[in-house]
2 protein chains.
Amino acid sequence: MSYSFGMGNSETHSGSVQSVDRAVTILEVIARTGLAGVTDIAAELGVHKSTASRIVSTLEARGLVEQDQHRGKYRLGLGILRLAGATTARLDIVQEARPIAKRLAEQTGETINVAVLSDGAALYLDQVSGNASVQSHNWVGQRIPLHATSNGKVLLSGLSEAGIRTALETKLPTYTPHTVTSIPHLLTEVAEVVAAGHSIVIDELEVGLTAVSAPVRNAHDDVIASISVSGPGFRFTNTKVDAAKDLLVAAAADISARFGWREH
Amino acid sequence: MSYSFGMGNSETHSGSVQSVDRAVTILEVIARTGLAGVTDIAAELGVHKSTASRIVSTLEARGLVEQDQHRGKYRLGLGILRLAGATTARLDIVQEARPIAKRLAEQTGETINVAVLSDGAALYLDQVSGNASVQSHNWVGQRIPLHATSNGKVLLSGLSEAGIRTALETKLPTYTPHTVTSIPHLLTEVAEVVAAGHSIVIDELEVGLTAVSAPVRNAHDDVIASISVSGPGFRFTNTKVDAAKDLLVAAAADISARFGWREH
DNA sequence: GCGTCACGTTGCATATTACGCAACATGTGC
DNA sequence: GCACATGTTGCGTAATATGCAACGTGACGC
């Protein structure tokens with residue numbers, strides 16, 4: 001057998017189990033493509049079809065992936081959701097924020113997200129949809145740059161100026177014509193967020209997407225998370241954003257209170 | 001090496017990758033215990049500590065698990081959330097519910113409907129007829145007020161009291177002499193639905209129409225949809241409703257499981 | 001309706017890879 | 001400070017995962 005070195009992805013520390021590593025890669029490939037066949041997977045891994053088939057088959061027996069029909073393509077399975085449930089169960093922020101986020105979703109009819117700072121990006125931990133009918137997009141687990149979202153700007157607002165500069169020193173991608181990538185401009189915006197206690201962002205990440213965010217703080221006044229209400233611009237209009245903003249700020253204060261924060 | 005036969009858990013179809021299977025077991029063990037050490041894991045798998053250590057280490061490198069401190073115990077990682085986000089993104093209530101709804105239609109001989117909450121009304125997404133002979137009515141695409149149907153009451157049962165009041169604050173039409181329009185009365189009924197886990201409604205929307213509904217839930221225990229069995233009262237009698245109720249609740253649990261819900 | 005193709009699956013032989021062992025770190029409690 | 005428990009790491013062995021090739025199946029096109 002000849003194995004291609006340098007999978008480019010994971011530098012195995014010392015003793016790493018190859019097939020397990022490949023299994024995880026397979027899960028990520030399927031997560032990225034949504035639906036993947038054995039041949040595609042094998043090509044991506046650089047292994048023989050049979051190898052991919054066997055690993056996928058193992059994952060299927062354990063419910064982490066499912067196949068459409070017999071001998072069909074593979075997709076992620078419900079076993080993942082059970083694991084995810086156990087994951088969020090240990091996250092304090094999700095536990096404390098969820099009931100309040102649900103209420104906020106009911107009140108606004110829009111989608112609520114909870115994000116935290118993680119390695120210079122906004123990591124989305126939880127999402128509650130206002131209208132269960134059409135799950136527009138699921139951000140959970142995604143890492144989004146800080147400069148293009150309201151959550152990101154709120155999370156930045158909890159940092160020192162030096163911290164902000166550090167967080168923004170990577171390349172800032174442009175997503176739409178409205179994306180702000182100038183550091184001075186961003187610093188000004190973050191200062192405004194600090195003053196206002198919330199952040200409103202329109203069309204900066206996706207055209208047609210409007211979002212408003214507020215900080216969740218702990219007893220030391222640190223910003224530990226950001227919570228947002230977001231929806232399509234045609235529905236989530238200025239007036240509604242303004243109404244949602246007040247509810248959101250109150251909800252964020254409620255959650256903050258659960259972490260020992262007190263208004264001063 | 002001596003491997004213990006009969007892992008008792010998974011009967012490997014034909015070619016199954018042992019270490020991948022073990023990795024999944026490890027994830028499940030950690031999910032169950034919340035926090036697990038290498039020694040515990042090794043004992044549970046019936047393998048040597050070193051084996052468990054290496055697999056866990058691989059999972060850690062890929063973000064599926066994390067360890068508390070250096071050389072600490074392991075817990076599930078945030079990488080799981082990325083996969084989960086991709087999983088829920090593809091989940092579609094109609095698609096997941098349809099095979100189970102079809103089976104339920106065959107078992108009961110009556111009509112099955114699936115509805116979700118949408119802007120303060122029940123939006124009917126799918127319908128499966130038991131006996132094609134008398135195609136009663138096609139509800140798909142219709143929006144029905146929440147107070148007059150069993151599906152509506154189930155959907156209300158997933159909301160907070162404030163949310164229920166908001167949803168009911170519009171004018172509540174009277175369809176038949178049996179339609180309930182009193183808010184306190186409806187609140188009591190919804191509380192009963194929460195307790196019972198299902199809703200039975202007779203003649204409230206149309207005289208001669210009997211329906212029983214049960215909630216479909218996700219991993220967070222949110223009510224994401226309602227599924228119903230309904231038929232004409234002269235045929236869908238009390239006894240039959242009672243029998244259908246048990247099948248329905250089981251079917252709803254099946255669908256819920258597909259969204260990561262677990263009985264607790 | 002038949003031939004061709006593409007795809008997923010499965011015996012089998014090989015040797016690569018994962019395993020158990022034992023020794024080594026590193027805390028932790030008595 | 002000693003004994004213990006726990007997580008990690010070389011090392012040699014062989015069990016296990018892999019590639020190969022053949023098979024089963026379904027889809028498409030001629």
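Numbered from 1 within each chain, the chains take letters A, B, ... in sequence-line order.
- Other residues, nucleotides and ligands contribute more than 12 heavy atoms inside 6.0 Å of the CZ atom of B:Arg143.
- Remark: the B:Ser16 side chain and the A:Thr58 side chain contain an N/O donor-acceptor pair separated by less than 3.5 Å.
- Side-chain atoms of A:Thr51 lie closest to D:dG19 of the nucleotides D:dT6, C:dT9, D:dG19.
- In this structure, A:Thr39 reaches the C:dG8 phosphate: one of its side-chain N or O atoms is under 4.0 Å from OP1 or OP2.
- Each of A:Val20 and A:Tyr74 was assigned the nucleotide of DNA chain C with the nearest heavy atom; the assignment lying further toward the 5' end belongs to A:Tyr74.
- Side-chain N/O atoms of A:Arg54 include none lying less than 4.0 angstrom from OP1 or OP2 on C:dG8.
- When the side-chain nitrogen and oxygen atoms of B:Gln67 are compared with OP1 and OP2 of D:dT8, one or more of them lie within a distance under 4.0 Å.
- With hydrogens and angles left out, the side-chain atoms of A:Asn138 and B:Thr88 include a donor and acceptor closer than 3.5 Å.
- Looking at the side chain of B:Ser53, the nearest of the listed nucleotides C:dC19, C:dG8, D:dT9 is D:dT9.
- A heavy-atom distance below 4.5 Å is not found between the side chains of B:Trp261 and B:Ile255.
- Of the N and O atoms on the side chains of A:Asn151 and A:Ser213, at least one donor lies less than 3.5 Å from an acceptor on the other residue.
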(Q) At under 4.0 Å between heavy atoms, how does the protein contact nucleotides 22-30 of chain C? Give one character per nucleotide, 5' to 3', with B, S or -. (A) B--BS----
